[in-house]
Student: 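I have a structure I would like to understand better, so I am pasting it below and will then ask my questions one at a time.
Note that the coordinates shown come from a computational prediction; the quantities given were computed from them, not determined experimentally.
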Amino acid sequence: MHRVFIFIFVLINVSCNSTKLPTDRFSQYEYFKSYSFENNNLKIQLKNPLHCPLRVWLFNDDNELQNRFNQLNPIELNSTSDTLIVLPKVNQTNSDIKFSSRLGSVAKNIDEIKLELPFPNKKEYKIIQGNNTNYTHSTDYSRYSIDFDLKTNDTICSATSGFVVGVVDKYKHGGKGDQWKPYGNYVTIYEPQSGLFTQYVHLVKNGSLVKVGDEVISGQPIALSGKTGQTDIEHLHFNCLVPVNSNDGLKSIPFEFIEGYKSKNLKKNDIVRK
């Protein structure tokens with residue numbers, strides 16, 4: 001009997017920890033990039049399909065070519081625009097040219113606007129994590145984020161009008177460790193007048209109600225909440241971001257809701273009503 005008990009305990013313990021990290025990685029947006037060598041020239045073509053500026057960096061293992069790239073980096077593309085760059089006197093390299101991109105323009109003046117609470121009217125939710133707190137709200141990218149206790153499949157609404165510039169909704173699971181951070185589902189929306197980005201994170205699998213390129217209005221349902229990525233509880237992680245020259249490309253900033261709530265003042269267990 002004792003052995004049976006041990007076997008059952010081990011079986012339950014293994015089954016509770018059997019969720020593996022996803023093998024696929026999904027990008028929130030795609031853009032066109034290509035290059036060719038013609039007549040001792042390097043031609044690089046870039047196309048930005050997004051309704052927001054896009055910054056692109058070029059990389060290559062050849063030091064001389066990388067020095068020339070560094071004089072261009074980052075290449076900034078306006079909303080829904082393209083460019084052709086021609087570098088003369090460039091010999092074909094043995095290594096591929098690599099591309100990296102970040103949303104937004106650091107040159108744009110950012111205007112403060114009040115946001116809508118990111119859920120439907122006549123709803124109220126509890127704050128489960130405030131800004132500048134340990135665990136997940138202590139970096140430049142997440143410092144002023146707010147976590148609301150939305151349950152799985154609760155409706156998320158856009159806090160601003162604007163354009164959808166990022167969507168990931170293919171992941172199914174989440175976990176508390178840092179290794180789960182890249183595997184959360186989310187939607188990113190750009191408000192072109194202010195230059196602000198808002199993000200809605202931990203969506204349920206297939207929980208996006210919008211796609212990249214869609215125009216949305218403030219208060220519009222855009223997604224369903226869930227428990228994907230770096231989390232061990234279902235909730236909505238909401239963040240307001242502006243472009244910066246950093247590895248993440250965006251940084252979290254304080255914000256205020258039209259209902260009068262200020263992100264800097266919201267604490268765990270506060271109740272917010274819309």
Side-chain angles (χ1 to χ4, degrees), residues 16-31 50 52 54-55 57 59 98-104 118 125 127-154 156 159 164-190 196-208 210 212 222-255 263 266 268:
C16 289
N17 293 281
S18 60
T19 303
K20 297 180 179 179
L21 290 174
T23 55
D24 295 324
R25 292 284 295 269
F26 300 102
S27 175
Q28 64 171 324
Y29 62 84
E30 301 291 340
Y31 66 101
L50 305 176
C52 74
L54 189 68
R55 290 164 287 160
W57 283 259
F59 300 97
K98 298 180 178 62
F99 300 82
S100 179
S101 66
R102 301 291 184 273
L103 296 171
Y125 286 99
I127 304 301
I128 60 174
Q129 189 177 359
N131 67 93
N132 203 25
T133 50
N134 290 331
Y135 184 36
T136 55
H137 294 184
S138 57
T139 68
D140 286 345
Y141 188 82
S142 63
R143 193 168 313 283
Y144 298 102
S145 304
I146 298 294
D147 287 351
F148 301 90
D149 72 334
L150 274 70
K151 306 306 180 186
T152 298
N153 289 319
D154 278 1
I156 299 167
V164 180
V165 295
V167 171
V168 174
D169 72 347
K170 301 303 181 186
Y171 298 119
K172 186 176 181 180
H173 300 292
K176 191 172 183 178
D178 287 346
Q179 69 271 23
W180 282 98
K181 195 169 187 177
Y183 303 107
N185 295 325
Y186 61 99
V187 168
T188 305
I189 291 177
Y190 178 65
L196 294 175
F197 292 86
T198 49
Q199 273 189 348
Y200 313 77
V201 188
H202 305 307
L203 315 181
V204 71
K205 184 178 181 182
N206 299 322
S208 176
V210 293
V212 173
I222 57 170
L224 302 176
S225 189
K227 196 178 75 170
T228 55
Q230 188 184 9
T231 182
D232 57 348
I233 58 173
E234 53 192 351
H235 72 282
L236 167 64
H237 173 93
F238 176 77
N239 202 4
C240 186
L241 302 138
V242 297
V244 290
N245 283 326
S246 69
N247 187 55
D248 292 317
L250 297 170
K251 76 171 182 179
S252 181
I253 63 166
F255 51 89
S263 61
L266 290 172
K268 184 177 181 179

Student: Check whether any side-chain heavy atom of K170 lies under 4.5 Å from a side-chain heavy atom of D24, and answer yes or no.
Tutor: no
Student: Evaluate the side-chain proximity of T188 to T198: yes if any heavy-atom separation is below 4.5 Å, no if none is.
Tutor: no
Student: Does I128 reach the side chain of F148, with side-chain heavy atoms less than 4.5 Å apart?
Tutor: no
Student: If I compare all heavy atoms of L241 with all of Y141, which pair ends up nearest, and what's the gap?
Tutor: CD2-O, 3.4 Å
Student: Ring centroids only, cut at 6.0 angstrom: are F238 and F255 within range, meaning strictly under it?
Tutor: yes
Student: Does a sphere of radius 6.0 Å around NZ in K98 hold more than 12 heavy atoms from other residues, nucleotides or ligands, not counting ones at 6.0 Å or beyond?
Tutor: yes
Student: Looking only at non-hydrogen atoms, find the nearest pair between Q230 and D178 and report the distance.
Tutor: NE2-OD1, 2.8 Å
Student: Counting N and O atoms only, with roles assigned by atom type, does the side chain of R102 sit under 3.5 Å from a partner on the main chain of N245, one being a donor and the other an acceptor?
Tutor: no
Student: For the atom pair CG (L196) and CD1 (I253), what is the distance rounded to the nearest 0.5 Å?
Tutor: 5.0 Å
Student: Measuring from L266:CG to I146:CD1, what's the distance to the nearest 0.5 Å?
Tutor: 5.0 Å
Student: How many angstroms lie between NZ in K227 and NZ in K151, if you round to the nearest 0.5 Å?
Tutor: 11.0 Å
Student: Judged by modelled atom types alone, do Y200 and S225 share a side-chain donor-acceptor pair under 3.5 Å?
Tutor: no
Student: To check you understand the geometry: which heavy-atom pair defines the closest contact between S263 and P254, and what is its length?
Tutor: OG-CA, 3.4 Å
Student: Calculate, to the nearest 0.5 Å, the distance between atoms CH2 and OG belonging to W57 and S100 respectively.
Tutor: 6.5 Å
Student: Where do V167 and V187 come nearest, in terms of heavy atoms and distance?
Tutor: CG2-CG2, 4.3 Å
Student: To the nearest 0.5 Å, what is the distance between CG (L236) and CD1 (I156)?
Tutor: 4.5 Å
Student: What heavy-atom pair brings Q28 and Y186 nearest, and what distance separates the two atoms?
Tutor: OE1-CE1, 3.3 Å
Student: L50 versus L103: any side-chain heavy-atom pair under 4.5 Å?
Tutor: yes
Student: Would you indicate whether the side-chain heavy atoms of S142 and S252 approach each other to under 4.5 Å?
Tutor: no
Student: I need the minimum non-hydrogen distance between G104 and P243, along with the two atoms involved.
Tutor: CA-CG, 3.7 Å
Student: Where the side chain of T228 meets the backbone of G174, is there a donor-acceptor pair that is under 3.5 Å apart?
Tutor: no
Student: Is the Y190-F197 ring centre distance short of 6.0 angstrom?
Tutor: yes
Student: For N239 and S145, does a side-chain donor sit closer than 3.5 Å to a side-chain acceptor?
Tutor: yes
Student: Report yes or no: is the cationic atom of R25 (NZ for Lys, CZ for Arg) closer than 6.0 Å to the six-membered ring centre of Y171, at no more than 45° off its axis?
Tutor: no
Student: Would you check if I189 and I222 make a side-chain contact, meaning some heavy-atom pair closer than 4.5 Å?
Tutor: yes
Student: Under 4.5 Å between any side-chain heavy atoms of K251 and V242, yes or no?
Tutor: yes
Student: Quick one: does S246's side chain have a donor or acceptor within less than 3.5 Å of a partner on G249's backbone?
Tutor: yes
Student: If the threshold is 4.0 Å, N to carboxylate O, is there a salt bridge linking D140 and R143?
Tutor: yes
Student: From L224 CG over to L203 CG, what is the distance, rounded to the nearest 0.5 angstrom?
Tutor: 8.0 Å
Student: Under a 4.5 Å cut-off applied to non-hydrogen side-chain atoms, are H235 and Y125 in contact?
Tutor: no
Student: Please check if any side-chain donor atom of D147 sits under 3.5 Å from a side-chain acceptor atom of H237, or the reverse.
Tutor: yes
Student: Should the ring pair Y29 and Y31 be called parallel, tilted or perpendicular, given that the plane angle runs from 0 to 90° and is split at 30 and 60?
Tutor: tilted
